[in-house]
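These notes concern the structure reproduced below.
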2 protein chains.
Amino acid sequence: MDKQTVTIYDVAREAKVSMATVSRVVNGNANVKAETKEKVNAVIAKLGYRPNAVARGLASRRTTTIGVVIPDVTNHYFAELARGIDDVAAMYHYQIILANSDESDTKEVQVMENLLGKQVDGIIFMGNTLNDAIRDEFKKADVPVALAGLLDEAEEQPSVNIAYRSAMSDATTGLLKAGHKRIAFVSGDLDHYMNKAHKLLGYQDALAAYDIAYDEKLVFEGKYDYQSGYQLADQIKNSAATAAIVANDEMAAGVINGLTDAGVNVPEDFEIITSNDSKVAVITRPQLSSITQPIYDIGAVAMRMLTKLMNHEELAVNDIVLPHGFADRGSTKDVK
Amino acid sequence: MDKQTVTIYDVAREAKVSMATVSRVVNGNANVKAETKEKVNAVIAKLGYRPNAVARGLASRRTTTIGVVIPDVTNHYFAELARGIDDVAAMYHYQIILANSDESDTKEVQVMENLLGKQVDGIIFMGNTLNDAIRDEFKKADVPVALAGLLDEAEEQPSVNIAYRSAMSDATTGLLKAGHKRIAFVSGDLDHYMNKAHKLLGYQDALAAYDIAYDEKLVFEGKYDYQSGYQLADQIKNSAATAAIVANDEMAAGVINGLTDAGVNVPEDFEIITSNDSKVAVITRPQLSSITQPIYDIGAVAMRMLTKLMNHEELAVNDIVLPHGFADRGSTKDVK
DNA sequence: GTGAAAGCGCTAACAA
DNA sequence: TTGTTAGCGCTTTCAC
């Protein structure tokens, strides 16, 4: 049960070549005679030699490992992002160190330190918001950091997102067109930049275009999860809203179920639009009409972006905006 | 953007001590005078020194990193297991390299090779089944491998599970007690050991106890996912079954929605029990009655087990069986 | 096309 | 309590 015993040196001795040559064939360096290469490969197979990535990392100063900071693997939105990241990472032969941050400020910082200590070649950061402590970590990082599904208020890190503001505005407009006057806006923490400065503004843009006064009583703040959406349902019902736009699928599932359980008929008496179009959106009954966004692609593109950064390539665009759309399902009667 | 510049040597020079002493304070070795320790820590803070885990790994032959093989992060059952693993790993200061295997035999092997090359200190393996190729990898591994939510037919690897057979038997018995004569059994690939040799047997045990003949026409095989459950709904409806027991939540969500969409009233005309009690079980309407199992704990205990193995401690039990239960919800009328 | 040798940054004896 | 010194297994000049 003790680790790795056959080293590059053993292979070299057995194949009667130098370590350098073995290293060359292992790394696919062209400057090796075909004959030598075969001989070395034969010995590698015979001995069951497996290169030690740690030694390689130390010598080359590249670990072919990237760090991925995720608030919670268990949240489908982030899991889907992670999937996109992982697939592209695998394509480029990078491994992933996954670190749960629990959306805790201190854990985020600690996790970044761990990752940096492990000498990852780059980092993809996911989360609901960014604070100064974590921005400091980004600065301390001697490797590139890309954001997936997260906007940086300070615009310092490259990122991949959709246009949350106009997506929200479009969806709200759909509800407005359907005749709604009192539309609830439901999101996570309103101090969070993306909610406060993008999603909520989109909602307000739409109201303004329809000359409807913004009413704070129709704005509901929760905790990004199912439970919190479920609990909000009662207040939403009592707010005399006739429709709601929810910034996140897990909350939306909570809202629709909470409303249904409270005797409200969706979509007849109340219409709901959610934002992520993740798996849960089609599991609820009625199914959730949703802004559609390419979650997997956001992760994938962020990872692709990171590979470029790690190769010191210039980025054409620093903040990539992917297209969004709308899926009309059961939780709305006739939107869009 | 180039990596780490300040090394243990810089700290040593600046603090006027040897590298060994710096190493001792960094690693919390007791044999350092308080005064020296302070001095060194001050320099560390001043220089912003961060130990290089790669160098450390090479020198100590321990990376404090474990590999986690997961079929798909996007699947809630596995994500929840991963969460349990990660939390305990963090508690013991291990980092996690997460590797998606896609349930593909070749990817599983390849992923194991990667992990081993990275010199992980141990591996937790998740999946739906085990084949000989992957067992060979386990043997080649010079580090411990533990299984989470997966049984090894060959009983070579330590594992953490629930008693699937009796859980299935109990749940089926509940349906039998409620008067059902034609109960469908729905699972993933029936070639998979856990389905074939545990879950299906539990179902058969229950039927036998009630003198009901086993009918192959009531056994439905799918692909562990929502779509496949949804598609099976039609056949299940036509099988004249009056109830179903489903081996996995995503499939169960598909089945209940497929049935509902096909005009079948659940639970009035058809009762359903699922097996994992994951988040989706409470998102569907009606909510899914379910065998309850401590998914998070299975992951957590597997990780705890692995820490023992990595410390060369003896395991009291090699195959840990955690308790299961039953949650009576909307998809059954009165079971248990 | 191949080899020799100097590190990469750290830990772990062993001395002192 | 502290310092010296080999490595850990590999990559990477630089020669040849």
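Order of the sequence lines sets the chain letters (A, B, ...), proteins ahead of strands, with each chain counted from 1.
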NZ of K118(B) versus P of dC10(D): gap in Å, rounded?
-> 14 Å
Any side-chain N or O of T21(B) under 4.0 Å from OP1/OP2 of dG3(D)?
-> yes
When you get a sec, tell me which of dT2(C), dT12(D), dT1(D) is the closest nucleotide to the side chain of A20(A)?
-> dT12(D)
note: R24(B), atom CZ; dC10(C), atom P; distance rounded to Å ~ 15 Å
Return the nearest nucleotide to the side chain of A59(A); candidates are dG7(C), dT13(D), dC10(C).
-> dG7(C)
Got F125(B) and L150(B) here, is their nearest side-chain heavy-atom distance under 4.5 Å?
-> yes
Does R61(B) have a side-chain nitrogen or oxygen under 4.0 Å from the phosphate oxygens OP1 or OP2 of dC8(D)?
-> no
Among dT2(D), dT11(C), dG9(C), which nucleotide sits nearest the side chain of N52(B)?
-> dG9(C)
K37(A) NZ - dG1(C) P separation (whole Å) | 10 Å
If only atom types and distance count, is the side chain of D297(A) paired as donor or acceptor with the main-chain N or O of A300(A) below 3.5 Å?
-> no
Hey, is the main chain of R56(A) close enough, under 3.5 Å, to the side chain of S60(A) for a donor-acceptor pair?
-> yes
Tell me, with the steps shown, if R83(B) and D102(A) meet salt bridge (Lys or Arg N to Asp or Glu O under 4.0 Å).
-> CA-CA 11 Å; R83(B) 199 65 232 268; D102(A) 282 340; 2.5 Å; yes
Write down the distance between CG (N29(A)) and P (dG1(C)), rounded to a whole number of angstrom.
-> 9 Å
D87(A) and Y296(A): side-chain donor and acceptor closer than 3.5 Å?
-> yes
Nearest-neighbour nucleotide for the A55(B) side chain, dC14(C), dG1(C), dG9(C) considered = dG9(C)
Using whole Å, report how far CD of Q119(B) lies from P of dG9(C).
-> 19 Å
Ignoring backbone atoms, establish whether N31(A) has a side-chain N or O less than 4.0 Å from OP1 or OP2 of dT2(C).
-> no
Base, sugar-phosphate, or nothing: which does V17(A) touch, judged by heavy atoms less than 4.0 Å apart?
-> sugar-phosphate
Modelled atom types, side-chain donor and acceptor of T65(B) and K118(B), under 3.5 Å | no
Under 4.0 Å between a side-chain N/O of T36(A) and OP1 or OP2 of dT2(C), yes or no?
-> yes
Quickly work out the I8(B) CD1 to dT11(C) C1' distance and round it to whole Å.
-> 8 Å
Between S18(A) and dG3(C), does any side-chain N or O lie under 4.0 Å from OP1 or OP2?
-> yes
Just call it for S23(A): base, sugar-phosphate, or nothing, with non-hydrogen atoms closer than 4.0 Å on any strand.
-> base
Output yes when at least one side-chain N/O atom of Y49(A) is less than 4.0 Å from OP1 or OP2 of dC10(D), else no.
-> yes
Nearest of dT2(C), dT2(D), dC8(C) to any side-chain atom of L58(A)?
-> dC8(C)
Between A34(B) and R56(A), who's closer to the 5' end of DNA chain D by nearest nucleotide?
-> A34(B)
What's the CG-P distance between D10(A) and dG9(D), to the nearest Å?
-> 9 Å
Atom pair distance, as rounded to whole Å: CG in N27(B) and P in dT11(C) | 5 Å
